[in-house]
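The structure that follows is given in the form of structure tokens.
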Amino acid sequence: MNELTRTPETVGAEIRGLTAQAKQMTLWFGIEIGRRLCEVKEMIGHGEWLPYLKEQTEFSQSTASRFMTLYREYGAQQQTLFGAESNYPTLNNLSISNALRLLALPENERESFAEEHDVEHMSARELDELIQAKKAAEDERDLYEQKLAEQMGAAERLKKDAETAAQEAEARRKLEMSDVTVAQFKIVFDTVQGNLNDMLALIAKASGENQTKLRAAAEKLLEAFGEKVKRNG
């Protein structure tokens, strides 16, 4: 009765289910093989690894290394009654080759990347191209961020240089003003001193009313000089 009700669609669903299970078992077996290879490598002495692979397995050194990498990267540290479990349950349906290719990504990105891009149904070539495109985009982003940081640093340096130049210009302006004030003061002082000396000579020779007038003029000159000093001080 069941055979009569089967349709191409139901058979297709069974095929897809079996395919998914086969893929899952393939990765599980890869992790289990890697676990045992890691175990035996700890047992044998130095220099015995390659002879062991040749005598006890059908794997080359590079193939054995890939299985061991699968276990180290995907196998859970906690062993079950049936062997190793995966640290990444959502990646269980990946083929061994695609699982290894995902190792090119940081550990914390593999699972989300596989889900986002449906890596389970990708060929090895498609996955390689996708990973390369991702890395190229990241490199371009990093280069942009580096250039942006350099430009911001250059702008900050220009700002500091401009501030320093402004401070130096202000200091020079104040120094120049100070030099001008000193020069002006010297001119006034020399003039006053000359006039005062002349008056003192005249006062010494004068007598009576003239001497009083000359003293008053000298006092005015000194008072004017004092006011000049205050204004420029």
Could you tell me the separation between the CD atom of Gln132 and the CG atom of Leu130, rounded to the nearest 0.5 Å? 10.0 Å
Go through Ser62 and Ser65 one step at a time and tell me if the side-chain hydrogen bond (donor to acceptor under 3.5 Å, both in side chains) criterion holds. CA-CA 5 Å; Ser62 60; Ser65 295; over 6 Å; no
Under the side chain to side chain contact (heavy atoms under 4.5 Å, CB included) criterion, do Ile131 and Lys134 qualify, and how do the steps go? CA-CA 5 Å; Ile131 290 175; Lys134 181 179 186 297; 5.6 Å; no
Applying side chain to side chain contact (heavy atoms under 4.5 Å, CB included) to Leu70 and Arg66, what does each step give before you reach the verdict? CA-CA 6 Å; Leu70 272 180; Arg66 284 195 290 272; over 6 Å; no
Rounded to the nearest 0.5 angstrom, the CZ-CZ distance for Arg101 and Arg125 is 11.5 Å
Between Arg72 and Thr69, does the side-chain hydrogen bond (donor to acceptor under 3.5 Å, both in side chains) criterion hold? Intermediate values first, please. CA-CA 5 Å; Arg72 294 192 185 103; Thr69 299; 4.7 Å; no
Do you know which two heavy atoms are closest between Gly30 and Phe67, and how far apart they sit? O-CD2, 3.5 Å
Do Leu143 and Met152 belong to the same hydrophobic cluster, where Ile, Leu, Val, Met, Phe, Trp and Tyr are linked whenever their side-chain heavy atoms lie under 4.5 Å apart, directly or via other members? no
Carboxylate-amine/guanidinium proximity below 4.0 Å for Glu32 and Arg35: yes
Do the side chains of Phe29 and Ile96 get nearer than 4.5 Å, heavy atoms only? no
Test of understanding: with ring-ring contact (aromatic ring centres under 6.0 Å, His included), list the residues that count as partners of Tyr52, not counting sequence neighbours. none
Would you say the side chain of Ser123 lies within less than 4.5 Å of the side chain of Glu126, judging by non-hydrogen atoms? yes
Between SG of Cys38 and CD1 of Ile33, what distance do you get to the nearest 0.5 Å? 12.0 Å
Taking the side chain as every heavy atom from C-beta outward, state whether Lys41 and Leu37 have any atom pair closer than 4.5 Å. no
Can you tell me how far CE of Met68 sits from CZ of Arg36, rounded to the nearest 0.5 angstrom? 14.0 Å
Determine the minimum heavy-atom distance between Phe59 and Leu53, stating which atoms define it. O-CB, 3.8 Å
Could you grab the distance from atom CD of Glu145 to atom CD of Glu138, nearest 0.5 Å is fine? 10.5 Å
For residues Glu120 and Asp118, determine if any side-chain heavy atom of one lies less than 4.5 Å from a side-chain heavy atom of the other. yes
For Glu163, I'd like to know if atom CD has over 12 heavy atoms of other residues, nucleotides or ligands within 6.0 Å. yes
Is a donor on one side and an acceptor on the other found under 3.5 Å between the side chain of Asn98 and the backbone of Met122? yes
Tyr74 side, atom OH; Leu94 side, atom CG - distance, nearest 0.5 Å: 6.5 Å
How about Glu58: does its CD atom have over 12 heavy atoms from other parts shown lying under 6.0 Å from it? no
